[in-house]
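We count ligands from 1, going down the list as the structure has it; atoms in each ligand are counted the same way. Being a predicted model, the structure only gives us computed values, none of them experimental.
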Amino acid sequence: MTVSCNALLTNHQDAWHRATVHPFLTGCKDGTIQPDQFNTWLVQDYLFVKDFTRMVGRVLGAAPDSHLDALLSGLVALQDELLWFQDKAAERALNLDIPRQSTCQQYCDFMASLAPEPYPVQATALWAIELAYNQGWQLPGPMPAPYTEFADRWGKPGFTDYVNVLAAQADVVLAEASDHTQVLAETAFLKVANLEAAFWQMAFAAAER
Ligand code: HMH
C-alpha cells in the first residue's frame, strides 16, 4: 500500500469536511459568533498551542536532516503565535490560567501519545493538524474585523506553503514506510479529523453551558 496525504484526504472526505467546515467558522465570517463562543475558542486554543508546540519539538527530534529547516521555521512561528495569543487574550481581559476543557485535554493527550510512534506517523499528524486550520480559516473567505487577523494567521499564503512542505515531507517518509506504519498514519489522520471537529463544537457550544 502507499498512503499519501492526498490519498488520506480523498479517502476520508466526510471526516475531513467535519474537521474544517463548522458553524463556528461561518459564524466568524458572518458576524453571528458570540463573545462567549469566540473567547472560549481563544483561550482553549492557546492552551492547545502550548502543547502543540511541545509536539512539534518532539517531531523535530525524530526528523531526518532534510526536514529540520521546515520544522524549525514552524517552531519560530509558534514562538510568535504564543505571544500573539497572550496579546489577544489581554485585549479581551481573558484569563489564560484556567484548566483545559475535556475536548482540549483529549487533543493534548493524543499529541502526547504520538511521541513513541514512528516518524512517518508523527509527520502525518503534524501535517493534518496544520492543514485543518489552514483550510478551516480559509474556506469561508475573507473575514470581517475582529476576525480578519485570525483568519489571516492560518489562511495566509505563507502558511499554505508551509503546510504543503509538511505534506511533501510526510509523503516522502510514508512512501518508504511499512504497511503497518501506514495504517498507523491513517489512524492518526482520522483521529486528528475527529478531534478538530470536536474542538470547534466545544467552542461553539460554550454559550449553551
Ligand atoms: C485545534 N488545531 C487546533 N488549533 C490550532 N491552533 C491548530 C490546529 C494549528 O494549526
Side-chain angles (χ1 to χ4, degrees), residues 5 8-9 15-25 27-28 33 37-60 70-71 73-89 94 96 98-114 122-140 143 147 149-167 169-170 188-206:
C5 292
L8 291 171
L9 292 171
W16 196 249
H17 188 268
R18 289 191 292 274
T20 52
V21 178
H22 192 278
F24 181 93
L25 289 162
C28 292
I33 203 76
Q37 296 173 305
F38 193 78
N39 292 342
T40 297
W41 169 80
L42 183 56
V43 172
Q44 293 296 317
D45 210 51
Y46 171 71
L47 300 175
F48 168 89
V49 172
K50 280 199 292 180
D51 267 17
F52 176 61
T53 302
R54 296 184 167 98
M55 174 193 148
V56 179
R58 289 188 297 267
V59 177
L60 183 126
L71 295 171
S73 75
L75 281 169
V76 170
L78 284 166
Q79 180 182 29
D80 173 71
E81 186 164 306
L82 287 167
L83 296 171
W84 174 80
F85 266 111
Q86 290 166 18
D87 285 349
K88 295 301 114 186
L94 300 174
L96 290 173
I98 62 161
R100 290 179 175 84
Q101 289 192 25
S102 98
T103 297
C104 181
Q105 187 61 53
Q106 281 172 39
Y107 209 156
C108 291
D109 291 347
F110 165 71
M111 291 191 289
S113 79
L114 291 167
Q122 297 190 44
T124 302
L126 173 59
W127 157 74
I129 292 170
E130 296 290 42
L131 182 69
Y133 263 39
N134 180 230
Q135 293 189 341
W137 286 101
Q138 223 169 41
L139 287 171
M143 290 198 187
Y147 309 114
E149 64 177 306
F150 292 86
D152 288 352
R153 170 161 288 272
W154 292 284
K156 65 185 176 217
F159 192 70
T160 305
D161 293 344
Y162 171 63
V163 174
N164 285 334
V165 171
L166 294 180
Q169 293 188 167
F189 172 82
L190 280 171
K191 186 86 185 166
V192 168
N194 291 336
L195 286 164
E196 287 292 333
F199 205 94
W200 293 128
Q201 190 54 35
M202 168 192 72
F204 194 72

Per-atom contacts of ligand 1 with Val49, taking only distances under 4.0 Å to non-hydrogen atoms |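 Contacts of ligand 1 toward Val49, numbered from 1: 6 (N).
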Next on the checklist: List ligand 1 atoms under 4.0 Å from Phe48, heavy atoms only on the residue side.
Outcome noted: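 Ligand 1 atoms under the 4.0 Å threshold to Phe48: 2 (N), 3 (C), 4 (N), 5 (C), 7 (C), 8 (C).
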Shortest protein contact, [atom] (heavy atom only):
atom: atom 2 (N) of ligand 1; result: Glu196 OE2, 2.6 Å
atom: atom 10 (O) of ligand 1; result: Glu130 OE1, 2.5 Å
atom: atom 5 (C) of ligand 1; result: Tyr133 CE2, 3.2 Å

Q. Any N/O of Asp45 closer than 3.5 Å to an N/O of ligand 1?
A. yes
Geometric class of the Trp154/Trp41 ring pair [parallel <30°, tilted 30-60°, perpendicular >60°]: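 Rings of Trp41 and Trp154: perpendicular, over 60°.
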Using the rule side-chain contact (heavy atoms from CB on, under 4.5 Å), only one of Val56, Leu131, Val163 pairs with Leu126; which is it?
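That would be Val56; it is the only one of Val56, Leu131, Val163 passing the side-chain contact (heavy atoms from CB on, under 4.5 Å) with Leu126.
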*asked:* Would you say that more than 12 heavy atoms from the other residues, nucleotides or ligands in this model lie under 6.0 Å from the NZ of Lys88, or not?
replied: yes
Kindly say whether the aromatic ring centers of Phe150 and Trp84 come within a distance under 6.0 Å. yes
Inspect the contact between Asp80 and Arg153 and indicate whether a charged nitrogen and a carboxylate oxygen are less than 4.0 angstrom apart.
->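 Asp80 and Arg153: salt-bridged.
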